[in-house]
Number of protein chains: 2
Amino acid sequence: MPIGLRLSRAAKSVSRAFDDALAGAGGSLPVWLILISLKSRDLHNQRELADVVGIREATLTHHLNAMDARGLVTRRRDPGNRRIHLVELTEEGEAVFGQLRGAAMAFDQRLRRDLSDSDIADLERLLSRLQSNVADDDPR
Amino acid sequence: MPIGLRLSRAAKSVSRAFDDALAGAGGSLPVWLILISLKSRDLHNQRELADVVGIREATLTHHLNAMDARGLVTRRRDPGNRRIHLVELTEEGEAVFGQLRGAAMAFDQRLRRDLSDSDIADLERLLSRLQSNVADDDPR
DNA sequence: TATTGTTATACTCTATAACTATA
DNA sequence: TATAGTTATAGAGTATAACAATA
């Protein structure tokens with residue numbers, strides 16, 4: 001079987017299970033990616049955030065609007081450069097982040113079941129290889 | 001980094017590149033999965049086809065409608081059990097299948113670049129493990 | 001003019017529920 | 001009643017293009 005198809009099928013199963021886990025904790029994959037990016041990286045504008053998450057700026061705006069409506073984030077102008085919107089987590093946003101992190105960690109435990117550290121290292125190495133093998137054709 | 005996130009990111013990159021490759025050959029992932037399933041398996045009804053592809057029956061009907069409109073497949077009643085619709089490739093469907101197979105094989109070559117047979121075997125083993133680790137929660 | 005982000009719009013994939021036809 | 005498939009509808013995620021605000 002083509003390795004792309006194999007990866008695609010595994011990723012579909014795993015992604016769906018992960019989506020379910022995140023949904024059970026009040027989130028979704030894009031919301032989780034946005035929250036964890038905001039928490040763990042020093043991002044200077046929405047363009048960088050969109051890049052990290054792997055989506056377009058307009059798509060990010062769409063998600064931020066929904067997260068704003070849910071009270072998870074606020075956007076305010078950067079006084080130093082008023083074109084830039086500083087995205088910040090609200091208290092509710094922090095709470096949801098904690099929930100999702102818990103769900104993601106539990107999911108990770110389940111995923112790693114029966115896998116040794118060296119298995120994980122192999123997997124990460126192989127996934128990185130695959131990713132770099134298509135990188136030239138995936139400039140998004 | 002959580003292994004689910006790592007897989008998710010790799011799969012996103014690879015899937016997008018694969019989608020692009022298939023789109024360049026006149027198809028898409030679901031169309032390719034449906035065509036290859038029809039060609040390589042002995043399926044008895046649409047329920048089985050949907051299962052193999054990993055989608056719902058109604059979702060499959062949606063794709064078959066589009067493929068029918070494009071002239072890739074025909075559906076006719078099974079004379080032995082008129083509830084069953086036999087899905088068959090048209091000449092055009094065969095041609096598109098060939099195109100997509102070519103694109104998929106070329107993509108696979110690119111994906112395997114610098115990977116040994118044993119790397120591929122490792123990857124398949126690890127992906128299978130991940131898949132089985134979430135299988136109980138992914139009955140779709 | 002260039003940069004940052006939003007709005008408007010639309011597409012793809014997916015799903016659930018209700019339905020038709022057949023057994 | 002049960003099975004096979006379709007239709008109707010909707011929702012999530014994504015994208016492009018045109019726009020407004022700021023520099």
Side-chain angles (χ1 to χ4, degrees), chain A residues 8-9 11-13 15-20 22-23 26-34 38 43-70 73-88 138-140, chain B residues 8-9 11-13 15-20 22-23 26-34 38 43-70 73-88 138-140:
Chain A
S8 160
R9 291 208 164 126
K12 187 180 243 181
S13 293
S15 295
R16 282 178 164 175
F18 192 37
D19 284 346
D20 288 347
L22 291 174
S28 67
L29 184 59
V31 167
W32 169 236
L33 292 176
I34 290 168
L38 288 172
L43 300 166
H44 301 91
N45 53 46
Q46 289 190 21
R47 173 116 178 69
E48 289 183 6
L49 178 53
D51 281 349
V52 168
V53 174
I55 56 179
R56 298 287 185 185
E57 278 188 61
T59 305
L60 175 61
T61 297
H62 164 80
H63 290 300
L64 289 178
N65 286 346
M67 292 170 74
D68 198 338
R70 272 188 67 189
V73 298
T74 55
R75 281 170 288 187
R76 62 183 178 83
R77 300 280 183 156
D78 180 341
N81 179 348
R82 292 183 44 75
R83 287 178 299 191
I84 292 178
H85 288 198
L86 299 171
V87 181
E88 289 160 348
D138 180 36
R140 271 169 290 195
Chain B
S8 160
R9 289 204 165 130
K12 188 182 244 182
S13 294
S15 295
R16 281 178 163 175
F18 192 37
D19 285 346
D20 289 346
L22 292 174
S28 66
L29 184 59
V31 167
W32 168 237
L33 292 177
I34 290 168
L38 288 173
L43 300 166
H44 301 90
N45 54 47
Q46 289 191 20
R47 174 117 176 69
E48 289 184 6
L49 178 54
D51 280 350
V52 168
V53 174
I55 55 179
R56 297 287 185 186
E57 277 187 61
T59 306
L60 175 61
T61 296
H62 163 79
H63 291 299
L64 289 178
N65 286 345
M67 293 169 73
D68 199 338
R70 272 188 68 190
V73 297
T74 55
R75 281 169 287 186
R76 62 182 178 83
R77 299 282 184 155
D78 181 341
N81 180 346
R82 291 184 43 76
R83 286 177 300 190
I84 292 178
H85 288 197
L86 299 172
V87 181
E88 289 160 349
D138 178 38
R140 270 170 295 197

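For clarity, every value in this text was computed on a predicted model and none was experimentally measured. A note on names: the letters A, B, ... follow the listed sequences, proteins ahead of strands, and every chain is numbered from 1.
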[atom1] of [X] versus [atom2] of [N]: gap in Å, rounded?
| X | N | atom1 | atom2 | result |
| --- | --- | --- | --- | --- |
| A:His85 | D:dT22 | NE2 | P | 8 Å |
| B:Leu60 | D:dT7 | CG | C1' | 14 Å |
| A:Leu29 | D:dG13 | CG | P | 8 Å |
| A:Leu49 | C:dT6 | CG | P | 11 Å |
| B:His62 | C:dT12 | NE2 | C1' | 7 Å |
| A:Asp78 | C:dT4 | CG | P | 11 Å |
| A:Ile55 | C:dG5 | CD1 | C1' | 13 Å |
| A:Asp20 | C:dT14 | CG | P | 15 Å |

Do the side chains of A:Val87 and A:Arg76 get nearer than 4.5 Å, heavy atoms only? no

First encountered from the 5' end of DNA chain D, between A:Thr59 and B:Leu64: B:Leu64

Between [options], which nucleotide has the shortest distance from any of its atoms to the side chain of [X]?
| X | options | value |
| --- | --- | --- |
| A:Arg77 | D:dA21, C:dC13, C:dT22 | D:dA21 |
| B:His63 | D:dG13, D:dA4, C:dC13 | C:dC13 |
| A:Thr61 | C:dG5, C:dT14, D:dT14 | C:dG5 |
| B:Gln46 | C:dA8, D:dG5, C:dT14 | D:dG5 |
| A:Asn81 | C:dC13, C:dG5, D:dA23 | D:dA23 |
| A:Arg47 | D:dA8, C:dT14, C:dG5 | C:dG5 |
| A:Arg82 | D:dA23, D:dT6, C:dT4 | D:dA23 |
| B:Arg83 | D:dA4, D:dT14, C:dG5 | D:dA4 |

Any [X] side-chain nitrogen or oxygen under 4.0 Å from OP1 or OP2 of [N]:
| X | N | result |
| --- | --- | --- |
| A:Arg56 | C:dT7 | no |
| A:Arg75 | C:dT6 | yes |
| A:Asn65 | C:dT7 | yes |

B:Asp19 versus B:Leu29, closest heavy-atom pair with distance: OD1-CB, 3.6 Å

Show the nearest heavy-atom pair for residues A:Leu60 and A:Ile34, with the distance to one decimal. CD1-CD1, 3.7 Å

Under 4.0 angstrom, heavy atoms only, what part of the nucleic acid is A:Glu57 near: base, sugar-phosphate, or nothing? base

Around B:Arg9, counting heavy atoms of other residues, nucleotides and ligands shown, do more than 12 lie under 6.0 Å from its CZ? yes

For atom CZ of A:Arg47, is the number of surrounding heavy atoms from other residues, nucleotides or ligands below 6.0 Å larger than 12? no

May I ask you to say whether A:Arg16 pairs ionically with A:Asp20, meaning some side-chain N is under 4.0 Å from a carboxylate O? no

